[in-house]
S.K.: 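This is the structure I have questions about; it appears just below.
This structure is a prediction, so every number in the text was calculated from the model and none was measured. In the text below, chain A, chain B and the rest are named by the order of the sequence lines, each starting its count at 1. As a basis for the values below, the full set of heavy atoms in this structure was taken, side chains included, without hydrogen atoms, waters or symmetry mates.
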Amino acid sequence: MLLQQIINGFVIGAIYSVVGVGFTLIFGIMRILNFAYGEFYMLASYAAFVAYSEFHLPLWLILLLTMTVLFAIGALTERGLVKPVRERTADWSVPVIMVTLGLQIVLQNVVLLVAGGTYRGVSAYLMGTLDLEWFVISYERLMILGVSAGLLLGTWLLIQKTKLGLAMLAVSQNREGAVLSGIPLQRVYTLSFGLSAALVAIPGVLLMPLLYVYPTVGQVPIMKAFAVTLLGGMGNIEGAILGGIILGVSETMASAYLSSLIKDGVAFAFMILILLFYPAGIGPYFQQIRQKVIRP
Amino acid sequence: MSDPLLQVDRLDAFYGDLQVLWTIQLGIGTGEIAALIGGNGAGKTTLLRSIVGLHRNRTGSIRFQGEEISSLPPHSLIYRGLAEVPDERGIFPDLTVEKNLLVGAFSLKDSRARREALHWIYQVFPILEERRSFLARSLSGGEQQMLALGKGMITRPTLLLLDEPSSGLSPLMVSRLMDHIRRIHQEGTTIFLVEQNVRHALRIAHQAFVMENGRIVLQGPADRLSEDPRVKKAYLGR
């Protein structure tokens, strides 16, 4: 029973990690909170609903298409709405955050107008369950776990092993130092925004059967994104992965042993408790430990 | 000296409505070590930031290798051979030493060139190779300064601007630093050195500029300036 709950928690946690990584990425690089992040999720959910129930596309193709479309939407948002604000003022953090807040409301209303307020959804992408004596896991959850893990690994490789990743790391730590090394800030910002939106597209697709889709569904993932990001430390990718798992497991435990009605309350109370002891999030401490392990 | 490598003409700079640089005029020839000295708040850092375009509220002309660069975006200058090590050293505290150097080599086109450049820097500063997997923030002040220099010179720039490289270093480290700067110069890089440590700066420089209240008040060969009574009195304490 306990093992079963931990595994369920890990599955949810892995997808929360993806949600958190995309959110914290933008904070790390641009020092802004993207309040329209949940609406990127919502758009991906609608896209998945239409592609799956109307066009009967296979899941892998839906994942690929929504990622591509959301990448474009994210990059265009940066170019069209964020860049003009950045160029007009040196102290652009707060104005840009207000722009994303405005975009959140506008997108919710536009979708309400187009699609109506009805909850829509599908039962599940995959049927069947894998029974492993110690625990059972549905193919759907197994798939969510696999895709999330692959996506997190891919993001990690992108950041650690590619030139774009190096540029992103540099910009997140020292903007002027990065510029003096020849890194084009504008391009890094645009690509990061696109990447962030592409990342949250996957939870948007995969969680649609579970959470349904409606114009304000974005409120759920953005709350998780906040929690995961704060837990891990703002802008800390590895911390966000860890934070996602902690949030997923504590939520699942709370709903299994207490009540599913108060799972959010318990999970967030747990988050507050951790922050009381580690106000900068747990990511930095985790990395310190790892540094010591690498070179004792 | 023929056509200067860097030529600044009638440069004015402002913070809002407040003018901080006044008709700056200076030329640096290829192969020189030029020093810019002056007290705190004289405008030295603002001058460097204006040259590379990090400070954009400015008027006047800045030519590098004969081309006007004042309207170019700052990230493009390193591709033309103009590099700067800023006053806060421009390093990335939470990246490893090796990643810091690789960021420094970002403007080199292919990954083989970046690897080779990295190898060369490790030859110049063996301590950096020893520390390659350390986070930059865990290095000592002197090591951090070496990292900053290594990062600044890794692309073998034509002109390297150094903003107060000696700040925060012990006297022993400062003279070692000056040896390193001489070495970078011997590798074929022209140096523009901004320093509060006037004695050391004048010792290695060919030409020097003295800055006060946003103006260049004195300039000439470094050995002559170090004998100038005004410089002696104000900066050398003699």
S.K.: Are the side chains of B:L54 and A:L180 in contact, using a 4.5 Å heavy-atom criterion?
M.R.: yes

S.K.: Testing the basics here: between A:G177 and B:K151, what is the closest heavy-atom pair and its distance to 0.1 Å?
M.R.: O-NZ, 4.1 Å

S.K.: Under 4.5 Å from any heavy atom of chain A, what part of B:R56 do you find: side chain, backbone, both or neither?
M.R.: neither

S.K.: Are the side chain of B:K99 and the backbone N or O of A:A170 linked by a donor-acceptor pair below 3.5 Å?
M.R.: no

S.K.: Do B:L102 and A:L166 have side-chain heavy atoms sitting under 4.5 Å apart?
M.R.: yes

S.K.: Do you know which two heavy atoms are closest between B:G104 and A:S181, and how far apart they sit?
M.R.: CA-OG, 4.1 Å

S.K.: Do you know the tightest heavy-atom contact between B:F106 and A:P184?
M.R.: CE2-CD, 4.1 Å

S.K.: Can you confirm whether more than 12 heavy atoms, excluding those of A:F71, are under 6.0 Å from its CZ atom?
M.R.: yes

S.K.: Any side-chain heavy-atom pair from A:L185 and B:H75 closer than 4.5 angstrom?
M.R.: no

S.K.: In the structure I gave you, are the side-chain heavy atoms of A:Q173 and B:P93 within less than 4.5 Å of one another anywhere?
M.R.: yes

S.K.: Answer yes or no: are there more than 12 heavy-atom neighbours, outside A:Y278 itself, under 6.0 Å from its atom OH?
M.R.: no

S.K.: Please classify the contact between B:V103 and chain A as side chain, backbone, both or neither, with a heavy-atom cut-off of under 4.5 Å.
M.R.: both

S.K.: Less than 4.5 Å apart, any side-chain heavy atom of A:E176 and any of B:E84?
M.R.: no

S.K.: Please check if the number of heavy atoms outside A:F10 that lie under 6.0 Å from its CZ is greater than 12.
M.R.: no

S.K.: Quick check on B:F92 against chain A: is it the side chain, the backbone, both or neither that has a heavy atom closer than 4.5 Å?
M.R.: both

S.K.: Can you tell which part of B:I91 gets under 4.5 Å to a heavy atom of chain A, answering side chain, backbone, both or neither?
M.R.: backbone

S.K.: Any chance CZ of B:R115 has more than 12 other-residue heavy atoms, nucleotides or ligands included, within less than 6.0 Å?
M.R.: no

S.K.: Below 4.5 Å from any heavy atom of chain A, which atoms of B:L108 appear? Answer side chain, backbone, both or neither.
M.R.: backbone

S.K.: Identify which part of B:L77 has an atom lying under 4.5 Å from any heavy atom of chain A, answering side chain, backbone, both or neither.
M.R.: neither

